[in-house]
Amino acid sequence: MISTLAWNNVRTNRLGLAASFAAVLLAAMLVSGSGLLVAGADTRDELSDIMGLLVLSAAVSGFVAVFVVAGTLSMHVLRQRRTWALLRSVGMTSRQVSRLITAEAMVVAVLASAAGCVLAVPYAALMAGFLRTTGLAAADVPVEMTTGPFILALVTGPGVTLPAARVAARKAIGVRPLEVLRESAAQRRLLPWPRAVVGAIALAGGIVLLWLVPQVKPVAAVPAGLGATMALCVGASALGPVALRVMGGALGALVAWIDPGAGMPVRASLVTQPRRAMSAASPVMLTVALACTFLFAVATGDAATGITRTGPSAWAAPMMVGSAVIYTVISVLNATAMTMAERTEEIRLLRTVGTGPRQLVRAVCWETLIVTSVGALLGTGIAAASLTALGKAATGEAWFAYSPLQYATLVLVCVASGLSGALAATWKVRHGPLLPGD
Amino acid sequence: MSDHAVLLQGVTRTYGSGATEVAALRQVDHGFPRGGFTAVMGPSGSGKSTLLQCASGLDRPDSGAVRVAGQDITRLAENELAVLRRDRIGVIFQSFNLVPSLTAWQNVILPSRLARRRPDPAHVRGLLARVGLAGRERHRPAQLSGGQQQRVAIARALLGRPEVLFADEPTGALDRGTGRQVLALLREAVDEFGQTVVMVTHDPEAAVRADQVLFLTDGRIVDILDRPSTAQIGARLDGRR
Ligand SMILES: Nc1ncnc2c1ncn2[C@@H]1O[C@H](COP(=O)(O)OP(=O)(O)O)[C@@H](O)[C@H]1O
Ligand SMILES: [Mg+2]
């Protein structure tokens with residue numbers, strides 16, 4: 001019964017689940033694809049250098065996957081809260097709703113992991129070719145067809161999805177049916193204590209790792225630095241709503257002063273719903289923090305050892321980061337689109353009281369700009385902390401190398417995907433007829 | 001023509017197509033008198049909301065003209081329509097009238113801020129007091145009851161003093177007492193400020209406050225009564241049923 005309902009739900013909510021599907025698919029593809037390469041490189045001594053990089057990038061993919069899958073699933077569940085409330089008001093127990101949500105997510109995860117395994121083979125071949133032509137690998141990397149990486153991917157996809165779905169389901173049933181149906185939009189607490197505790201622990205762990213980076217063996221420094229970035233990202237995204245209320249409030253006040261009509265609702269939404277805003281800022285923060293740490297750690301290491309890369313080799317690290325960035329871009333797009341789609345009713349109302357089409361576009365853009373900027377700022381801060389520690393490990397000084405061009409490109413890509421997601425998600429309600437409540 | 005705040009000429013609106021086609025309005029001609037209070041009644045599905053949406057520029061009719069202050073609003077571009085809604089028209093729905101993240105005060109001044117005007121705070125405070133919301137200026141919609149939210153929406157419509165106020169079952173979700181207060185405010189808009197009010201309602205007690213009652217059936221105006229009594233309205237509704 002539950003599985004039939006879950007399957008039907010998946011079929012009718014194809015669009016909402018497409019993002020989760022894409023996230024799991026890419027995670028499975030990256031993990032098993034990198035696994036195939038690692039398995040191939042494992043047999044060759046001259047490839048031990050590249051092994052480390054491959055393992056690291058697979059680990060980063062896995063981490064990002066947890067974040068992205070959790071984010072897309074919780075948004076999907078939140079968006080459907082009316083369905084859950086309705087099911088409960090006709091007598092479904094909260095346990096059944098929870099099982100339904102989990103089953104629905106698992107259907108998607110299994111399908112997406114399978115698809116990811118299929119795509120892993122061409123992905124691995126492509127990466128092998130890329131590593132050879134750029135000279136990043138000392139020799140040809142053979143793609144070894146073993147079952148191990150596929151099994152790993154088939155476990156990772158559903159394994160990542162299950163806890164994410166559980167958390168999302170808990171959120172869904174935490175809302176009493178009447179609250180949702182009455183549309184009282186009960187203001188969520190800014191920082192419930194479990195979230196505050198998780199955030200504080202993660203931050204503390206990150207700081208410990210930062211301190212450890214210069215102390216550990218040189219080979220362990222980069223993994224420790226990336227670990228610090230990941231821990232700080234978890235902490236910042238848990239405690240982020242507080243930062244967003246403060247920073248968003250200040251930037252919102254500025255916008256409300258420059259552009260009063262469009263700015264007033266923007267500021268109000270950031271101040272009253274910082275958690276919603278944070279769910280859109282998180283993927284930007286994650287992208288900027290991880291990509292900068294990864295990219296500029298390589299640059300810092302090169303500078304410390306006096307290596308200057310030219311030609312294709314100079315583009316190797318940026319391009320490896322690029323493939324991970326494509327992944328997070330999807331989540332930025334999805335997150336902004338979802339947070340905006342939640343506000344259909346509000347935008348319709350703004351139009352009804354006379355907000356012009358250009359004012360509406362400006363309001364959507366201002367809000368997205370502020371949210372992505374806060375995300376980028378947090379990410380930059382986290383990366384700078386980890387890179388400083390890495391620089392200290394490599395040179396003994398609190399210093400690191402970075403490329404302003406690569407940094408600017410990265411931030412621009414995030415902002416542009418946020419803006420496109422937000423504008424695309426609001427297109428229909430910005431242009432359609434103003435019929436209330438459908 | 002200038003004695004009509006809103007003039008509908010041959011307005012037709014059809015939803016869907018083919019087998020699911022529904023003619024919600026069929027060739028409706030009517031002028032809403034300037035400074036008048038008109039109630040629109042009729043069975044459910046007779047096209048009352050559609051009439052309101054077309055007359056207020058929220059929706060475009062398939063054919064016909066809607067003139068507000070002599071100007072055919074069906075031909076306006078989207079940004080001209082926005083200015084019209086901001087400055088000349090106020091709309092009040094049965095529910096969800098307020099932006100949830102804005103306080104009562106901010107909701108009231110929103111149209112002015114959209115026009116880059118800065119309304120006099122004393123005036124806004126006085127207006128909120130008049131609709132019985134003194135001391136609630138900083139409350140958000142979630143902290144207000146349905147009736148209070150409705151009155152914030154009316155205060156918003158009174159602040160800009162738009163020429164025409166459209167209300168779709170504004171008392172539908174309210175108890176009798178709160179409903180009466182809302183009606184009194186709409187009546188005041190007409191009597192004190194010369195605004196034009198068009199209100200859809202099911203309730204004969206609400207309709208009796210109007211100067212004129214339109215009866216709609218199957219997308220057509222089938223009857224118009226001037227200053228009818230509750231008994232007359234009741235009889236008219238029963239006769240049709
Ligand atoms: N958005 C819509 N899509 C399709 N049909 C609609 C839509 N809105 C209204 N209708 C149909 O048009 C007719 C008139 O609707 P409406 O104006 O809402 O009636 P009333 O407000 O008098 O109850 C009804 O038959 C209704 O089903
Ligand atoms: Mg109606």
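These numbers were taken from a predicted model, which means no experiment stands behind them. Convention: sequence-line order gives letters A, B, ...; per-chain numbering from 1.
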Peer 1: Does atom CZ of B:Arg117 have more than 12 heavy-atom neighbours, drawn from other residues, nucleotides or ligands, at distances under 6.0 Å?
Peer 2: yes
Peer 1: Which atom pair, heavy atoms only, marks the closest approach of A:Met264 to B:Arg113?
Peer 2: SD-CG, 4.0 Å
Peer 1: Can any side-chain N or O of A:Gln273 pair as donor or acceptor with the backbone N or O of B:Ser101 at less than 3.5 Å?
Peer 2: no
Peer 1: Identify which part of B:Arg156 has an atom lying under 4.5 Å from any heavy atom of chain A, answering side chain, backbone, both or neither.
Peer 2: side chain
Peer 1: Quick check: closest heavy atoms across B:Val99 and A:Glu346, and the distance to 0.1 Å?
Peer 2: CG1-OE2, 3.5 Å
Peer 1: At a heavy-atom distance under 4.5 Å, which candidate from B:Arg118, B:Gln106, B:Arg85 has the highest pair count against chain A?
Peer 2: B:Arg85
Peer 1: Distance check, rounded to the nearest 0.5 Å: A:Thr352 atom OG1 versus B:Phe93 atom CZ?
Peer 2: 4.5 Å
Peer 1: Heavy-atom cut-off 4.5 Å, strictly under: side chain, backbone, both or neither for B:Val91 against chain A?
Peer 2: side chain
Peer 1: Search all heavy atoms of A:Asp259 against all heavy atoms of B:Arg116 and return the closest pair with its distance.
Peer 2: CA-NH2, 3.9 Å
Peer 1: Over all heavy atoms of both residues, which pair between A:Ala268 and B:Leu102 is shortest? Give the atoms and the distance, please.
Peer 2: CB-CD2, 3.3 Å
Peer 1: Quick check on A:Arg343 against chain B: is it the side chain, the backbone, both or neither that has a heavy atom closer than 4.5 Å?
Peer 2: neither
Peer 1: So A:Leu434 and B:Asp59, side chain to side chain contact (heavy atoms under 4.5 Å, CB included) or not? Walk me through it.
Peer 2: CA-CA 6 Å; A:Leu434 279 167; B:Asp59 194 13; over 6 Å; no
Peer 1: Checking A:His431 against B:Glu78 for the side chain to side chain contact (heavy atoms under 4.5 Å, CB included) test, could you report, in this order, the C-alpha distance in whole Å, the side-chain angles of both residues, the deciding distance, and whether it holds?
Peer 2: CA-CA 8 Å; A:His431 292 87; B:Glu78 182 56 33; over 6 Å; no
Peer 1: Checking B:Asp87 against chain A: side chain, backbone, both or neither under 4.5 Å from a heavy atom?
Peer 2: neither
Peer 1: Determine, step by step, whether B:Arg86 and A:Val353 satisfy the side chain to side chain contact (heavy atoms under 4.5 Å, CB included) criterion, reporting the C-alpha distance in whole Å, the side-chain angles of both residues, the deciding distance to 0.1 Å, and the verdict.
Peer 2: CA-CA 5 Å; B:Arg86 191 186 74 196; A:Val353 300; over 6 Å; no
Peer 1: Do you know which two heavy atoms are closest between A:Arg358 and B:Asn79, and how far apart they sit?
Peer 2: NH2-ND2, 3.7 Å
Peer 1: Considering only heavy atoms and a distance below 4.5 Å, find which of A:Pro433, A:Gly356, A:Pro357, A:Pro265 pairs most often with chain B.
Peer 2: A:Pro357
